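Structure, as structure tokens:
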Protein chains: 4
Amino acid sequence: MSKKINTIGVLTSGGDAPGMNAAIRAVVRACSYYHLDCKGIYRGYQGLIEGDLETLNARSVRNIINKGGTFLKSTRSEEFRTKEGRAKAHEKLKQEGVDALVVIGGDGTFTGGKLFSEEFNFPVVGIPATIDNDINGTDYTLGYDTALNTVVEAIDKIRDTASSHNRLFLIEVMGRDAGDIALNSGIGAGAEEILIPEETAGVERMLESLHKSKKSGKTSSIIVVAEGEKSGKNIFELADFIHEQDEEYDIRVSVLGHIQRGGSPSCFDRVLASKLGVGAVEALMDGKSNVMIGIHHQKVDSVPLETALIGNPKVDKELRRVADITSV
Amino acid sequence: MSKKINTIGVLTSGGDAPGMNAAIRAVVRACSYYHLDCKGIYRGYQGLIEGDLETLNARSVRNIINKGGTFLKSTRSEEFRTKEGRAKAHEKLKQEGVDALVVIGGDGTFTGGKLFSEEFNFPVVGIPATIDNDINGTDYTLGYDTALNTVVEAIDKIRDTASSHNRLFLIEVMGRDAGDIALNSGIGAGAEEILIPEETAGVERMLESLHKSKKSGKTSSIIVVAEGEKSGKNIFELADFIHEQDEEYDIRVSVLGHIQRGGSPSCFDRVLASKLGVGAVEALMDGKSNVMIGIHHQKVDSVPLETALIGNPKVDKELRRVADITSV
Amino acid sequence: MSKKINTIGVLTSGGDAPGMNAAIRAVVRACSYYHLDCKGIYRGYQGLIEGDLETLNARSVRNIINKGGTFLKSTRSEEFRTKEGRAKAHEKLKQEGVDALVVIGGDGTFTGGKLFSEEFNFPVVGIPATIDNDINGTDYTLGYDTALNTVVEAIDKIRDTASSHNRLFLIEVMGRDAGDIALNSGIGAGAEEILIPEETAGVERMLESLHKSKKSGKTSSIIVVAEGEKSGKNIFELADFIHEQDEEYDIRVSVLGHIQRGGSPSCFDRVLASKLGVGAVEALMDGKSNVMIGIHHQKVDSVPLETALIGNPKVDKELRRVADITSV
Amino acid sequence: MSKKINTIGVLTSGGDAPGMNAAIRAVVRACSYYHLDCKGIYRGYQGLIEGDLETLNARSVRNIINKGGTFLKSTRSEEFRTKEGRAKAHEKLKQEGVDALVVIGGDGTFTGGKLFSEEFNFPVVGIPATIDNDINGTDYTLGYDTALNTVVEAIDKIRDTASSHNRLFLIEVMGRDAGDIALNSGIGAGAEEILIPEETAGVERMLESLHKSKKSGKTSSIIVVAEGEKSGKNIFELADFIHEQDEEYDIRVSVLGHIQRGGSPSCFDRVLASKLGVGAVEALMDGKSNVMIGIHHQKVDSVPLETALIGNPKVDKELRRVADITSV
């Protein structure tokens, strides 16, 4: 039988994502609502090992729902990957009277949380937060919607200059293993072609599509390229390769980079964070552990962390079809 | 048996919403992809009656995916409410060789489309576009996500000044019959209280919540009020009423108004518009008529226009609960 | 001879404006650079009377340059208008060892500062911060540039819906005595007509201009109205009045309101705030008092507070001319 | 004596900048106001040579004041650098009845315009438009203010993630020969250090400053680097170099790139464009030629193109001082 929970610890770990602050806020507020204590743990698992934590109350998290990043900060901890590191962390939690953990992050975060939960039979619930949307068992991860808006706003700006000069732009967006950002932002930005990690024939298709566009008189083009694109070429090599095929292209490369991780979260991400934060606390109160709280068909739901870690959902074929049709 | 479709007409009608241009673009591009002709009809049903239409091709809709409003313009047509008006419209469509219609708008648009489709056995497919998200049979309407972002960005700005002055702000957002905008933007903006049309006890609850906040030392507050709120008071009367209860409040009112209808659509709305536009053309090609193309559980789907017109979905009780918990 | 200054107090007072935080930061950082102590005074002159202040160092003001509002908060103080109130304030400053004051705000702030400085021979330097740009002796006030961007972005959104519906929009912007916001944002937003407090013939001219636009086939129009417009009608009465003249207009009113006071400051305001904050500390070190630090011809300069209080600069006739020509 | 001008041609050339559309609009509207004809020339001097131009009237330029880029498009023309090319251009202008030219762009544009004006005694007036603000004889160039806002907004986003991870970010901004963007955006974004082309000791100073920051416990840092920085290292080599000096830094590089050229112009740039566009037409009507219309001390003024071409204004020492003080 599960022990009654009095104090919940919350941390963020791995790459930061917009909405993390909103999720922390919801966890803290839900604790307050249910008369539980809440401790914020700084710098992820490393801060946990080092005992870098403090009590948070409803007012500690005022005016952070609209802030990007994570005020609890985030690191990757080598030490937590060792059994000794995790044992130290467990010791700290006992000392501090923390009965359960909410861990906010991506697959690295969940891998650590799962191990810890199993080794020490300690209640851990995960909240998926990564701009890549590459977590199994949830329709959306925190930060993904915001990142898409950041990307389309950036490409809208670049399209101004592309159109003014009749240029071809290659734009690299995040997504090492998952093409969700590239595919959605590519459709949203009206890209002429989209290269994603899940497809191998991308480059040939792109050349064909460029050729067709050129014949039809299209004078500027945007190609969105996921950083994990599988041609074996980086985006600068890709630009050179296109130029070799047809010298007439006036090509420019833009790597959007870290702006994609920051920024004030969209309303969607703030609401999602609020739902998941409340859901995580309620799951712990219900005795759940070793699960991730996700959103499925607009309902908050939990899946085992194991399921969350299965790996990337497949590329959305319908979306690829829509991309092909609307980029005619 | 349904007649083969060669030419599709597309129009926007009723209140405009961000994403309408992106939906028109997707309809035009899908027609182009499937080698159908496409005619854009200006000024909604009124333009249809007057024969104000022109052929659109893939290039006619370049660089509009990111534009707010609708380049086809939108009006409300009294004439189309009459049998004679609709007969004229039908005549025009025959003259122009248009075999099917895609109508983009809200319930007024669908009511007209349904009547027209039934009277003349004419293929009509609707695409839901209204910032209010008050259409049955689709999880989201076009423009809703963008409007939510516009609202939270506006409230973020107001929160700066509210916090600086320890003020109480009443902020009116759109939503005559549906509290979706108020509830979601209220959560997203971290509002202390949210008044929506679907609830009657709102004002008493608000007073209680304000009282509690004041005792706990909260010094500034944001109350989000849907324009259709049911207390019988408009927002200025509401401000006076609160002031009568407790003179210490330094109250300000802000009516966000029409900024909520405009602006560049969010990535979510652009992608949704692209999916629904393609879906509408494909539905017509499949012989469907008198249906709305919506999104349900992230899949494009069709429901009879009759279903779409049933009325507002109920308020989301889970969301109300999340609002109550996170505004502690 | 002026006493050596060791400790500077800084406060914000009156209506808040974007860039106040950036100015506080610059004052604090300049103190740190010159090895002076700096005390932040909360809630303006009222907080000063109540002794609500604390020491600030360079790190206290990290990550606030981009935040709207003022973290020191701002109030209007009735008590400081009395001799007794000011005497209490002076007593507090002596107790706390504060040798000089930087007061950030508009004319009310400067009136108080000037009185205080003269009564107690106490060094006071003002920094002009008000979105209205209505301070004499400086080309720009803090917050003005940001407010202009907020207004044009809001009108851009409204233009989307105005164009979609062929509507006439009356948009009220801030500016009780000064038409600078209306005139500049009106030009920037491409308004068809602009009504400002400094002109009396505005309404007649507007009607004429509307009439001309209508004849030339213009189908939607934006009229920007400063809140201090002098026709004796509020903006809703103005809308009714236009409608009485010509029933065909489909008119909507939008009062932009308090969104104009908030938001992340523009780069211009952040840089200006940094210059003025440094300038204020250096002026105090140079033995100046009873002056405002402003910007004139891109150079930081000081003028007597008396000069700053002379009243509104006149309306820029050249700008009015540009407005008339470009709204053809 | 100068010939009466009946028809003015307008073109944009060189790198595009936000505000070019607003300037074209103002030129067209001023022509309309003064009953002159106006012809828009596409693709800069190359389009002029090829006779790619059309008549523009007041309505042709509706709803473009808020659009980035240039709807007349811009190219660099090799042919116009030859005497033969310019002769062809002159021939076209005579054929089309164009009596005078407004050329919108940077130094390349003005060099061409000056030669052309002198060779054919043809009235030419320039409008400075380049995000780099590197034109002599005007306090501001079109697009500069917008680019600064784009840069600080991007760095604000990056600061979210930098703070969350205690990272050091090197951010490259535009400015091959002029550090204005770097210096202003660096101050505006609260950068810890700024490297500009006009200074040679930048790298040593940066290392010292980083060292100092680290000792004082600062845990994340933003370094803004102008692309023309003179250390002989590109930004990636600079990152490696810093890492060699101190392995503890967790360094990331972000090249902001072409987003800086696009985007909806700020209110400042829209108003400036309106003033300069009107000023250019009025200068031609006054018989001026071979001049640039600029802004000096908030007044529209003209200087010989020769003066404009003298080269970069020097780095603003006061601004550098403010940067040093506020980044303490």
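On a predicted model such as this, the values are computed, not experimentally measured, just so you know. So that the names make sense, note that chain A is the first sequence line, chain B the second, and so on, each numbered from 1.
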message: Quick one: does any side-chain atom of D/Lys73 pair with a main-chain N or O of A/Ser163 as donor and acceptor, under 3.5 Å?
response: yes
Whether D/His165 side chain and A/Asp16 backbone form a donor-acceptor pair below 3.5 Å: yes
query: In Å, rounded to the nearest 0.5 Å, how long is the span from CE of D/Met20 to CG of A/Asp160?
result: 12.0 Å
query: Roughly how far, to the nearest 0.5 Å, is CG of D/Asp250 from OG1 of A/Thr75?
result: 10.5 Å
- line: Here the gap from D/Ser74 atom OG to A/Asn166 atom CG, rounded to the nearest 0.5 Å, amounts to 10.0 Å
Shortest non-hydrogen contact between A/His258 and D/Thr161, atoms and distance: O-CG2, 4.2 Å
- prompt: Which value, rounded to the nearest 0.5 Å, describes the distance between D/Gln260 atom CD and A/Ser254 atom OG?
  reply: 9.5 Å
message: To the closest 0.5 Å, what do you measure between CZ (A/Arg43) and OG (D/Ser164)?
response: 13.5 Å
message: Please enumerate all residues that pass side-chain contact (heavy atoms from CB on, under 4.5 Å) together with D/Thr130, with sequence neighbours excluded.
response: D/Asp132, D/Asp134, D/Ile135, D/Thr141
message: Just to be sure I understand the criterion: a residue of residues 63-71 of chain A counts if one of its heavy atoms is under 4.5 Å from a heavy atom of chain D. Which ones qualify?
response: A/Gly68, A/Gly69, A/Thr70
- prompt: Hey, does D/Lys157 have a side-chain heavy atom less than 4.5 Å from the side chain of A/Thr150?
  reply: yes
